[in-house]
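The structure under discussion appears below in the form of structure tokens.
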Amino acid sequence: MKHRIFAYLAVSAIALLLIPSASATWSGFQSLGTTPTLGEPSCVQLAATDVICVAQSQQHTLMTNQFSGNVWSGWTNLVGAVSSDPSCLNDGTGKVVCGVRSGTNTLVATVFNGTKWSAFIDSKGQIFSAPSCALLSNAKVLCAARSQTSALANALFTTTTSTWGTFNTVAAMLTSGPGCAGDNDGDVICAMNGLPTARNDTIIVNRFDGAKWEGFLTLQGTISGSSPSCTPLGVKGQVVCFDRANNLAIYANKFNSGIWENQNWTGWRGITFGNIGPRVSCAIPSAGSLACGILYVVDSFMYAATYDGTNWSSFTKVGLKPIIAGPACAALSSGKVLCAAVGLNNLAVSATGP
């Protein structure tokens with residue numbers, strides 16, 4: 001199994017290096033403004049042709065920028081100290097909610113109602129990693145993080161009342177923060193690196209059904225990495241999860257819905273070769289498909305590919321400027337997505353495609 005994966009990656013490496021620029025299907029980079037950005041932005045669709053990106057400022061606050069009418073509004077700072085990048089999503093009712101680690105290491109949220117952002121709402125729960133937030137159901141958002149004792153910390157946030165539920169921890173020995181996604185069926189699936197047994201650092205997953213966690217599954221004991229994440233597919237019960245393995249390549253694994261057991265996962269597939277940035281970011285151009293962006297460290301360019309639910313296209317180079325962080329992708333109308341990234345001068349840029 002492991003040898004077959006690396007054989008695939010060797011072929012992929014040649015293919016990716018030979019793919020020309022995707023300028024015919026992706027726009028050139030557009031500036032988000034002249035304010036420097038710290039870390040990676042989180043972008044989310046607000047309306048048919050509107051996207052909001054939220055990032056950490058160099059003053060360790062959050063700042064927001066709205067894309068509307070093909071123009072960026074420019075960065076606006078929010079009040080309150082933070083100590084991580086944000087995780088943002090649309091709550092299904094037209095509001096945007098962002099979870100973030102506060103300046104005192106608690107899990108907090110802020111909500112955009114279409115007009116203004118709320119003050120931070122504090123869960124009072126201490127977290128060690130940046131949170132990952134995902135849609136459970138309309139107005140219900142689950143945020144999860146690695147706790148200070150390496151457990152899976154989590155809490156439900158209700159946007160209609162702007163309140164947190166009980167802050168909980170699930171016993172585990174995590175070695176990374178989780179990456180979570182809603183499955184379009186009232187559940188949230190989170191992938192993370194952890195130690196299911198001593199000295200076996202690998203990829204584990206868990207599903208929250210709205211009331212309880214269904215238990216950790218070890219997806220494969222021979223793959224470990226550093227940047228697990230999951231993304232919704234817009235198909236009932238399904239998500240795709242990713243991890244950057246120790247060879248710095250991105251692997252993907254889809255949950256096909258149904259009973260929470262290993263056989264309902266497709267198994268890991270290498271979708272890039274090595275020297276890829278920390279994570280992949282995807283958005284849904286249409287239900288059951290993805291458009292995803294990565295950072296190729298060798299030339300510092302963004303590359304993008306599409307997924308039709310079964311097959312991945314080759315990754316193709318996007319734009320003519322190098323980036324150092326991101327991309328962060330969000331859906332637009334008419335089958336397009338927008339991906340924002342941070343350039344060499346710490347100034348954010350975006351491109352639309354495919």
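- W75 and T64 form no side-chain donor-acceptor contact under 3.5 Å, judged by distance and modelled atom types alone.
- A donor-acceptor contact closer than 3.5 angstrom links the side chains of Q56 and D85.
- Here the CZ atom belonging to F208 is positioned 10.5 Å from the CG atom belonging to L152, to the nearest 0.5 angstrom.
- Counted by atom type alone, T106 and D122 present one or more donor-acceptor pairs between their side chains at under 3.5 Å.
- Taking the ring centroids of Y303 and Y296, they lie under the 6.0 Å cut-off.
- Between the N65 side chain and the S73 main chain, a donor and an acceptor come within less than 3.5 Å of each other.
- Side chain of N275 to backbone of V297: no donor-acceptor contact under 3.5 angstrom is found.
- The CG atom of N77 sits 7.0 Å away from atom OG1 of T35, with the distance rounded to the nearest 0.5 Å.
- Using a distance-only test at 3.5 Å, with no hydrogens or angles considered, a donor-acceptor pair links the side chain of N262 to the main chain of T218.
- Shown here is F128, whose CZ atom has no more than 12 heavy atoms of other residues, nucleotides or ligands within 6.0 Å.
- At least one side-chain heavy atom of V96 sits under 4.5 Å from a side-chain heavy atom of L46.
- Looking only at atom types and distance, the side chain of W213 has a donor-acceptor partner in the side chain of N154 under 3.5 Å away.
- Using bins of under 30°, 30° to 60° and over 60° for the plane-to-plane angle, the ring pair W265/F255 lands in the tilted bin.
- Cluster membership for F112 and V44, using ILVMFWY side-chain heavy atoms within less than 4.5 angstrom, is shared.
- Shown here is K321, whose NZ atom has no more than 12 heavy atoms of other residues, nucleotides or ligands within 6.0 Å.
- Shortest non-hydrogen contact noted between N193 and P228 is OD1-CD, 3.3 Å.
- In this structure, T266 contributes its side chain and K254 its backbone to a donor-acceptor pair below 3.5 Å.
- Side-chain atoms of S129 come within 3.5 Å of backbone atoms of R146 as a donor-acceptor pair (strictly under, hydrogens ignored).
- In this model, no donor atom of one side chain and acceptor atom of the other lie less than 3.5 Å apart for S257 and K236.
- A donor-acceptor pair is defined here as one N or O able to donate and one able to accept, closer than 3.5 Å; such a pair exists between the side chain of Q45 and the backbone of A47.
- Looking at R101, its side chain never comes within 3.5 Å of a backbone N or O of I127 through a donor-acceptor pair.
- Closest of all the heavy-atom pairs between W72 and V51 is CZ3-O, 4.2 Å.
- Taking the six-membered ring for Trp, F273 and F315 have ring centres at least 6.0 Å apart.
- The closest donor-acceptor contact from the side chain of S123 to the backbone of L107 lies under 3.5 Å.
- A 6.0 Å sphere centred on CG of L344 holds more than 12 heavy atoms belonging to other residues, nucleotides or ligands.
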Open item on the list: Assess the residue pair V97 and L89 against the criterion (side-chain contact (heavy atoms from CB on, under 4.5 Å)); give the C-alpha distance rounded to whole Å, side-chain angles, the decisive distance to 0.1 Å, and a yes or no.
Closed with: CA-CA 6 Å; V97 57; L89 69 154; 3.8 Å; yes

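- Proximity of a side-chain donor or acceptor of D50 to a complementary backbone N or O of S68 within less than 3.5 Å is not detected.
- Distance alone, capped at 3.5 Å, places no donor-acceptor pair between the S313 side chain and the A305 backbone.
- One finds a salt bridge joining K317 and D299 here, because a Lys/Arg side-chain nitrogen approaches an Asp/Glu carboxylate oxygen to under 4.0 Å.
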